[in-house]
A.B. asks: 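My structure is below; once you've seen it, I'll send some questions.
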There are 2 protein chains.
Amino acid sequence: MSKAAATRLNILKKSFDLIYKKGYQATSIDDILSTMEVTKGAFFYHFKNKEEMGLALIREVMRPEMRDILFQPLTRAEDPLSEIYEMIGNLLQDQSFFDFRYGCPAINLIQEMAPTNEDFKKELTSLMKDWQGVVKNSLEKGIAMNKVHAGVDPAQASLFIISGYAGIRSMGKIFGPQMYSAYLKELKTYLDQLRSA
Amino acid sequence: MSKAAATRLNILKKSFDLIYKKGYQATSIDDILSTMEVTKGAFFYHFKNKEEMGLALIREVMRPEMRDILFQPLTRAEDPLSEIYEMIGNLLQDQSFFDFRYGCPAINLIQEMAPTNEDFKKELTSLMKDWQGVVKNSLEKGIAMNKVHAGVDPAQASLFIISGYAGIRSMGKIFGPQMYSAYLKELKTYLDQLRSA
DNA sequence: TGCAAAACATACTAACTGGTATCTTATGAG
DNA sequence: CTCATAAGATACCAGTTAGTATGTTTTGCA
């Protein structure tokens, strides 16, 4: 990687850290620059404006990260319901990237930016659609394998699952991480209900 | 109500409208004042600072509103599971206060403010604890009435229900209101599972 | 009616915001 | 080596922010 590309990626990663904790709008460009050895000139050389940086952040940092953490648990495709449970469990327990106080970066951005910025909304919608699609696919395979009840509507159930995750991430901000385990227990009983008898 | 009290309440209500749509931090005091016949002098006479106004907004506008919309459907206490379903359904369908594009005011504030402002967090935690408590209570009554399965953990299930609501409000911002009905269908199947056989 | 306090109005400030204009330095192809 | 361009640095600007200083009007009560 060229030095310039490294600078660019560095800006994005530092931005991600700050935006994750403070929100997009509350994080100023000066905030970002003051945490690293990069000046405003460099910032605006690499990005047309703050918004372009934000969109690049979704595409170049969040998306790849998401592929690694989320999609992988579902690739085995042996027992979809257990794999979905694992996926959510991993996600909630992952302390390396996520802090319960600050919730989930993707959900945070959706909450903050989707209503007022069409470009952010599009980028984030595509992100979440992909995730829902993977879960839905997993459920469909489960039905084909006769491990998931045939009456289950994969689109409907996958929406229920990912919005459950989004919700507990919000609730975690006020109730703390002990709610994660309570949530996971109840999620398990819900998922078990989807099993074919 | 005295004229002064009316002015105060008016500031709070206009603030609520704007903060609901744009967020707390993105809504400036000047924004609020420019939508009404009130000056900065009046604002800072009634509120020590922006934060005090925000906290008053939760206490004096959101809390009472919530009591009316949320608690009432559960007071009948005849068929708790149906009443819980109605409560969420009403909430999602209520177009008079809520717009799917902007989500739920309480969830929005939690998302934005809980991580960085302890006073907001406390106020909002109490708000949501109350709501969860009412749902939990309803489930407990349901168990006593033998209408809810005895194996159900009311604390756990009520958390699952309200965080599901929080989540679909976030997802609604990107996926639109047609997701509400898909969510409600799946919520129903989940709730039916809680019924005693 | 008089008048103190409550309820506002106006003008201002210091700090911060995203963004730009202009300059300097580093890099890599020929 | 050389020189065009990529990459980065610095100083600045116009607009916006929460909050204040200082004034005026309105209100309720003796």
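Source: prediction; values computed, not measured. Protein chains get the first letters and strands the later ones, always in sequence-line order, with residue 1 at the start of each.
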A.B. asks: Do the rings of Tyr20(B) and Phe98(B) sit parallel, tilted or perpendicular, given the 30° and 60° boundaries?
C.D. replies: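 Plane angle between 30° and 60°, so tilted.
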A.B. asks: Rounded to the nearest angstrom, tell me the gap between atom OH in Tyr45(A) and atom P in dT10(D).
C.D. replies: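 In whole Å, dT10(D) P and Tyr45(A) OH are 18 Å from each other.
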A.B. asks: In whole angstroms, how far is the C1' atom of dT10(D) from the CG atom of Leu33(A)?
C.D. replies: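 Answer to the nearest Å: 13 Å.
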A.B. asks: Do we see a donor-acceptor contact under 3.5 Å between the side chains of Lys173(A) and Asn108(A)?
C.D. replies: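 Judged by distance alone, the side chains do pair up.
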A.B. asks: Can you check nucleotides 16-25 of chain C for protein contacts, nitrogen or oxygen pairs under 3.5 Å, and list what you find?
C.D. replies:
| unit_1 | atom_1 | unit_2 | atom_2 | d |
| --- | --- | --- | --- | --- |
| dG18(C) | OP1 | Lys50(A) | NZ | 3.2 |
| dG18(C) | OP2 | Ile29(A) | N | 3.0 |
| dG18(C) | N7 | Lys40(A) | NZ | 3.3 |
| dG19(C) | OP2 | Lys50(A) | N | 2.9 |
| dG19(C) | N7 | Lys40(A) | NZ | 3.3 |
| dG19(C) | O6 | Lys40(A) | NZ | 2.9 |

A.B. asks: Check the distance between dT17(D)'s P and Lys22(B)'s NZ and give it to me in whole angstrom.
C.D. replies: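 Rounding to the nearest Å, NZ of Lys22(B) and P of dT17(D) are 8 Å apart.
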A.B. asks: What contact category does Thr7(B) fall into here, base, sugar-phosphate, or nothing, at under 4.0 angstrom with non-hydrogen atoms?
C.D. replies: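 Sugar-phosphate contact only.
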A.B. asks: Quickly work out the Ile11(B) CD1 to dC8(C) P distance and round it to whole Å.
C.D. replies: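 My rounded result for the distance is 8 Å.
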A.B. asks: What is the distance, rounded to the nearest whole Å, between atom CD of Glu37(B) and atom C1' of dT10(C)?
C.D. replies: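 So the CD-C1' distance, Glu37(B) to dT10(C), works out to 15 Å.
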A.B. asks: Think His46(B) has a side-chain N or O under 4.0 angstrom from the OP1 or OP2 of dC8(C)?
C.D. replies: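 So the side chain of His46(B) is within the cut-off, an N or O lying under 4.0 Å from OP1 or OP2 of dC8(C).
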A.B. asks: Ring-plane angle category for Tyr190(B) and Phe160(A), please: parallel below 30°, perpendicular beyond 60°, tilted otherwise.
C.D. replies: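 Rings of Tyr190(B) and Phe160(A): tilted, as their planes differ by 30° to 60°.
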A.B. asks: Using a 4.5 Å cut-off on heavy atoms from C-beta on, say whether the side chain of Phe175(B) contacts that of Tyr183(B).
C.D. replies: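 Not in contact.
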A.B. asks: First locate atom CG of Asn117(A), then atom CD of Gln25(A), and finally report the distance between them rounded to the nearest 0.5 Å.
C.D. replies: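 Those atoms lie 9.0 Å apart.
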A.B. asks: Any side-chain heavy-atom pair from Ile11(A) and Leu33(A) closer than 4.5 angstrom?
C.D. replies: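 With C-beta onward as the side chain, the pair stays apart.
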